Amino acid sequence: MDRVKRCAVRLSGLCGLFLAGFALVAGAQDFPEGKGKETVESVCAQCHGLRPVYSSKMTPEQWKRLVDDMVGRGAPLLDDEIPVVVEYLSKSFPKVKSDDRINVNKATARELETALSLSAKEAEGIVHYREENGYYLKWEDLGKAPGLESRKIETLKDRLTF
Amino acid sequence: MMRSLVNELLNDRISRRRFLSGMVAAGYSAASARSALQSVNPFTPGADVPPSLTRTVKGTGGELMVDQILETGAQYIFVSNGSGLGPLCDAVVSRPRLQLIQATHEGQVVAVADGYAKASGKTAFAMFSRVGLPHSTSNMYNASKDRTPLVVLSDHAEVMREGTDSHEDIDDWMEAVKQYTKWRWVVHQPERIPEWIRQACKVAGVLPCGPTAVRIFRDLLYRENVTATIFSGKAFQIPMELRPDAKEVERAARLLLEAKSPLLFAGPESSQTHAQKPLIELAELLGMPVTQARSFFCDFPNFHPLHVGELTNQMRYPQKIDLLLNFGARPATGTAIRGARIIHASVDPETIGRNTPLSVALVGDLNQVAKALVEAVRSMASPQDLAQRAAQRRAECAAFTEKVRAARFAAARRGEGSPIPWQRMMVEFADLLDKDAVIVEEVGTEAKILSFFPFAEDGGMLKVGRTEGRALGWGVGASAGVKLALPNRQVVSFQGDGGFLFGQTDSLWTMSRYDIPVLTVILDNRTYEETRWQIMGQMGPAGQNNRDYVSYLGDPDVSFPKLAQAHGIKGETVQNSDQLRPAIQRAIKTLRDGRPYLLDVRLETFGVGAEVTWYQKFSLADNRERKV
């Protein structure tokens, strides 16, 4: 068990009082920049790992209801912070309609860069690997492309088709 | 250590002098050790007991058992059906003072008894047939984790059949409950039945409390013309408020005064010793923020301005903690208190220092410890000095907790519609329930309860549950026991739909039979929500493929009101937030009329797998080769 996971297991025991179900792997994910980022990172991490946050993709209404739910469970957010946090989460982790998704086996590097907010180098890495090795079959396969971090791929997985 | 010393003394394996020296070696003061000896003394072999406290009784073994149970002050004995209860049934014909409360199986017998013991503070007696012991162990485990004082009785094989692998017998029944009991015994002599009942009662009720188990050979319970000595109840009611060591109290008080950012971590022993009042005084005196440890009670008023919620790894307030005062909880851990000095006060020396290094250990009754700390702090600083030290912390903390609470209630009141947000349901209950209502809860996240109901020992609500053991199948039976202990307070039980189905719907039978007016509220989101989060949230193959193998509860979609109706209990389903208030009012009226009620509240679910209704479908009917 690696160090992060061990830490998460301990967290899970400690924080079980309020949020046993969310105490998963404490991610070191770099959240997208934006107003509310620091509050999300500090308040959410009080009780559970950040992976459930960056793994979730929801509509603004769903994020609002989830944040209200978490506040009910003891997340110490103040009244004026709640809308900021909801807006940040809605923008950073939006629910993607199926027709908004991009086919990683057909898209050009430029299209990947724009649609997925990747750097030019990352997008080119995806295309290069595809041309050398064939189609990607599942989102985890993108981990083989040079220059892409696995955590970043995971945040994008709902926006991909194959 | 104290527990084992008491056992040794009661079983005549050590002398009283050895007991005293052992207690002192374990960290108790000499006065505390003497006090403990005085408490245990009437039960030790050869102890002198004034004649007024004893009487000689002649009867069946079962009659002697009941006589001694009645002398402890017990009003109820919690039972299930079983042929082994024959001697008990025969005995109570002429001893109707002892009321039998029956549950349909042993697991719920222990749950009802556990709820009764927790709410009354008295040792509860349960009895079931000899083969019922294995079924009882899930809730015995819960009781042992919570250190609830229970005496669990059952009959045993006939004397001449023991140890022969005979009908309804195994070689060592007590091995199976060893982990869940403080003490256990198989009674071999009929004239000693009352003596072992006393021991079981005493050991169960001495802090730290816990279940004890006694098995009595069935033929000895039926044996006639047995003569034995019964001890009066007065001999059991010995106050045992062990005082802490004065020097250690002084050291602790000094550290508390020196601390720049102390934090109080309140645990269940505070409530068990009724220490809340002096504890509040101590926190207010120092302007010390308070967190709640895992506990089946709320051990410090949760709406107090100094109450900041739970101890998390990354506290928003206070951000830096340089001293943690653990008051009656298991050891606290986590990064928030890394580097902090730790003072641990407990009735149980075995708990203190078990896995955390300590600056000061305070052993004793926590009411006495809290009072002594208040006195010591006051003696070391002038009132002006204390006020100055505490004022800023108190003001900062109060401002924080007030804002957080206001945001929480505002967010909860925003929730509406169908399915209902759970927090909206809670605020409606908070508005409508009695100010001193008792909440029995067995929901996954305790904050769902702690966030919305104001608990306080002095005139506020009382929280009982969830158990520290977390073995589901406790709350429904326990709520019946709580109401028996506190008949003049409104009792509302909150259950998850999954937990409700964990072998405890049976306790509706007990509520209905005995007119126990408890309101059972099912938080019905048709899922084991938090296990779904844990399992699918790991994002292993099950999570990635939206496979919910064990958490989805929507098929079959159980009608809980019909289940209640089958037990003669009225109930209804609440689908929309607009329906909440009138439904709760109908429920409250039914309680006032003396009958239980059930509300099935359809709630929304969130997070990983919330939209998944997939489960591994299987139809045995479709797989048959013959349609029979």
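Residue numbering restarts at 1 for every chain, and letters A, B, ... go by the order of the sequence lines. What you see is a predicted model, and the numbers here were worked out from it, not measured in a lab. Just the heavy atoms: all of them, side chains too, but no hydrogens, waters or symmetry mates, feed the values below.
Shown here is A/Y135, whose OH atom has no more than 12 heavy atoms of other residues, nucleotides or ligands within 6.0 Å. Taking a 6.0 Å sphere around CD of B/E396, one finds it holds more than 12 heavy atoms contributed by other residues, nucleotides or ligands. Counting non-hydrogen atoms of other residues, nucleotides and ligands closer than 6.0 Å to CD of B/Q544 gives a total above 12. Heavy atoms of other residues, nucleotides or ligands lying less than 6.0 angstrom from NZ of A/K157 number more than 12. Under a cut-off of 6.0 angstrom, the local environment of CD in A/E81 is crowded, with over 12 non-hydrogen atoms contributed by other residues, nucleotides or ligands. By the 6.0 Å contact criterion, CZ on A/R110 is open, its count of non-hydrogen atoms from other residues, nucleotides or ligands being 12 or less.
Contact of B/E468 with chain A is not made at all, since no heavy-atom distance falls under 4.5 Å. Within the 4.5 angstrom heavy-atom criterion, only side-chain atoms of A/I82, from C-beta onward, approach chain B. In this structure, the portions of B/Q314 lying under 4.5 Å from any heavy atom of chain A include both its backbone and its side chain. Of the atoms belonging to B/R466, not a single heavy atom falls under 4.5 Å from chain A. With a 4.5 Å cut-off on non-hydrogen atoms, B/Y317 does not touch chain A at all. Proximity to chain B is absent for every atom of A/V67, based on heavy atoms less than 4.5 angstrom apart. Heavy-atom distances place the side chain of B/A410, and not its backbone, under 4.5 Å from chain A.
Rounding to the nearest 0.5 angstrom, the gap separating the CZ atom in B/R414 from the CZ atom in A/R65 is 11.5 Å. Here the NE2 atom belonging to A/H48 is positioned 8.5 Å from the CH2 atom belonging to B/W533, to the nearest 0.5 angstrom.
Contact count versus chain A (heavy atoms, under 4.5 Å) is highest, among B/M315, B/M426, B/R532, B/E604, for B/E604.
Partner A/R73 forms a side-chain contact (heavy atoms from CB on, under 4.5 Å) with one of B/R408, B/E446, B/K448 and no other, that one being B/K448.
Taking all atoms of both residues into account, the shortest heavy-atom contact from A/L78 to B/K403 is CD2-CB, 3.7 Å. Nearest heavy-atom pair across A/D68 and B/A411 is OD1-CB, 3.5 Å. Across all their heavy atoms, B/F400 and A/P76 have their closest contact at CZ-CB, 3.9 Å. Between A/T39 and B/R316, the shortest heavy-atom contact is CG2-NH2, 4.3 Å. Across A/G72 and B/S451, no two heavy atoms sit closer than the pair O-OG, 2.7 Å.
B/E428 pairs by the salt bridge (Lys or Arg N to Asp or Glu O under 4.0 Å) definition with B/R424, B/R581, not counting sequence neighbours.
Side-chain atoms of B/T312 do not come within 3.5 Å of backbone N or O of A/C47 as any donor-acceptor pair.
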